[in-house]
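The analysis underlying the following values was restricted to heavy atoms, covering all of them including side chains, and did not include hydrogens, waters or symmetry mates. Throughout, a chain's letter reflects where its sequence line sits, starting with A, and its residues are numbered from 1.
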There are 2 protein chains.
Amino acid sequence: MPTTQAQAPTRDRILFTSAELFRRQGYAGTGLKQVTTQAEAPFGSLYHFWPGGKEQLAEEVLRTGGDFFLALYRAIVDPAPDLLTGVRDFFTGAGETLVATGYLDACPIATVAGEVASTHEPLRSASADVFELWTAALTADLAHAGAPEEQARPLALAVIALLEGAFLLCRTLQSTEPMDAAADAAVALVRTALETQP
Amino acid sequence: MPTTQAQAPTRDRILFTSAELFRRQGYAGTGLKQVTTQAEAPFGSLYHFWPGGKEQLAEEVLRTGGDFFLALYRAIVDPAPDLLTGVRDFFTGAGETLVATGYLDACPIATVAGEVASTHEPLRSASADVFELWTAALTADLAHAGAPEEQARPLALAVIALLEGAFLLCRTLQSTEPMDAAADAAVALVRTALETQP
DNA sequence: GTCTATAGAGAGATAGAC
DNA sequence: GTCTATCTCTCTATAGAC
């Protein structure tokens, strides 16, 4: 089910389709020919826009996917009445997206990150930058909401680990049960930290 | 760094090497030629023992990896003075293995599971069986240790999600910081559940 | 810049000698 | 059963016409 991209510019169509295929099929499992075909773009355009080939394309996919996911987090958490509600809403939304896409779309970078961690250093590094970006954002939010300073970062890492682990379990089990369990766990952890007086 | 397998039978050498390469490089990223070369086995032997080819081999790798990891869990948790200590020891051991292998060896099935969830139904199904096996074991342990019955399974899923997410973050960030954070979170969650009187 | 054709390497799989 | 040679297909990448 190729998502419609109407008449977006060639470069954008390739980038969008790459992101979709990489997060679903992985880096090695996605062919550049499949990308250009599904994006309805000429094969040569890919090397015109990304002279560094597959690796350069994947790096941009990882970074833009990371930025997109952070923006999604902001869009959900910032309007929420409090951080606890925002975190729960984010996990709930993740579960809803899984169901809506038939368990195809979960984390924008996880599948590739797992593949490349031990094999493609530039891509591992890009994935690390993304995880670090998310961790910093959640750490700041937790500290701002009143979590003890030394607990904020470990708690942020644990919440992101819960989310990533739940994504993998949900996609594999084709069920949102793990996401529901992770949501409750994340909320419980955050609540405890926020109730602790520094 | 091919792990030594001395003079193990050909079939075992191929299986062992496949497990190593699949969990590090993923399914699509690992070639059968690379497997047989590193296993010092003739290429044809692979199709002799696994007539179903790469997919059949990967399925056996997933299932034996799942059994192995459960046995490792049992070996750590059963002798522990209590479940809380056992869970902490398991997370600690996971972190130590990551460091000892230079962040190469984490979960035996996660990298492949993430790749195949949307692309290879027989392998997704095998991965699901493994996660279900682990979940059932931890659920039973939690219930036996005194967690309220309706909390045991969601808690087991959350702990496994924490572990899987931490594996991904640690491999990507090349740091055990996420595993330490996940360990504390898992212990806190389990402790709270065990302190709750049914 | 857009697009096609193809090069060169490597994949998974198989045939068949021994 | 063990092992080698090779088949066919697909991959990434590039050359070059337009």
Side-chain angles (χ1 to χ4, degrees), chain A residues 5-62 111-112 115-116 118-124 126, chain B residues 5-62 111-112 115-116 118-124 126:
Chain A
Q5 304 177 60
Q7 281 307 78
T10 300
R11 190 183 195 284
D12 292 346
R13 291 204 311 281
I14 294 177
L15 190 62
F16 183 93
T17 302
S18 301
E20 184 172 281
L21 294 175
F22 279 155
R23 72 174 173 261
R24 294 177 182 181
Q25 309 177 340
Y27 179 73
T30 300
L32 297 184
K33 210 152 257 176
Q34 184 187 12
V35 169
T36 51
T37 301
Q38 181 165 321
E40 298 179 69
F43 184 78
S45 296
L46 196 153
Y47 280 89
H48 170 68
F49 292 115
W50 294 273
K54 193 179 195 180
E55 193 167 87
Q56 188 188 351
L57 173 62
E59 181 172 339
E60 184 169 341
V61 164
L62 288 171
T111 307
V112 174
E115 275 185 277
V116 301
S118 308
T119 54
H120 292 76
E121 176 54 25
L123 297 181
R124 181 207 64 77
Chain B
Q5 305 178 59
Q7 281 308 79
T10 300
R11 191 183 194 284
D12 293 345
R13 292 204 311 279
I14 294 177
L15 190 63
F16 183 93
T17 302
S18 301
E20 183 173 282
L21 293 175
F22 280 155
R23 72 174 173 261
R24 294 178 181 180
Q25 308 177 341
Y27 180 72
T30 300
L32 298 184
K33 214 150 255 177
Q34 183 187 13
V35 168
T36 51
T37 301
Q38 181 166 322
E40 297 179 70
F43 186 76
S45 297
L46 196 153
Y47 281 88
H48 170 68
F49 293 114
W50 294 274
K54 192 179 193 180
E55 194 166 84
Q56 188 187 351
L57 172 62
E59 182 173 339
E60 183 169 343
V61 164
L62 287 171
T111 307
V112 174
E115 274 185 279
V116 302
S118 308
T119 54
H120 291 76
E121 176 54 24
L123 297 181
R124 181 207 65 76

When rounded to whole Å, the CD1 to P distance for the pair A:Ile14 and D:dT12 reads 13 Å
Go through the structure and list residues passing side-chain contact (heavy atoms from CB on, under 4.5 Å) with B:Ser118, not counting sequence neighbours.
A:Leu104, A:Arg171
Rounded off to whole Å, could you give me the CG-to-P distance for the A:Leu46 and D:dC11 pair?
13 Å
Only counting residues at least two apart or in another chain, list the ones meeting side-chain contact (heavy atoms from CB on, under 4.5 Å) with A:Gln34.
A:Leu21, A:Gln25, A:Thr30
Residues passing the ring-ring contact (aromatic ring centres under 6.0 Å, His included) test with A:Tyr27, sequence neighbours excluded, are A:Phe22, A:His120
Identify the pairs formed between an N or O of the protein and an N or O of nucleotides 11-18 of chain C at a distance under 3.5 Å, and give each distance.
unit_1 : atom_1 : unit_2  : atom_2 : d
C:dG12 : OP1    : B:Thr30 : O      : 3.3
C:dG12 : OP1    : B:Lys54 : NZ     : 2.8
C:dG12 : OP2    : B:Leu32 : N      : 2.6
C:dA13 : OP2    : B:Tyr47 : OH     : 2.4
C:dA13 : OP2    : B:Lys54 : N      : 3.2
C:dA13 : O5'    : B:Tyr47 : OH     : 3.0

If a pair satisfies salt bridge (Lys or Arg N to Asp or Glu O under 4.0 Å) and one of its residues is in residues 47-61 of chain A, list it, with sequence neighbours excluded.
A:Arg11-A:Glu60, A:Glu59-A:Arg63
Could you pull out every donor-acceptor pair under 3.5 Å between side chains of residues 39-48 of chain B and any protein atom, sequence neighbours left out?
none

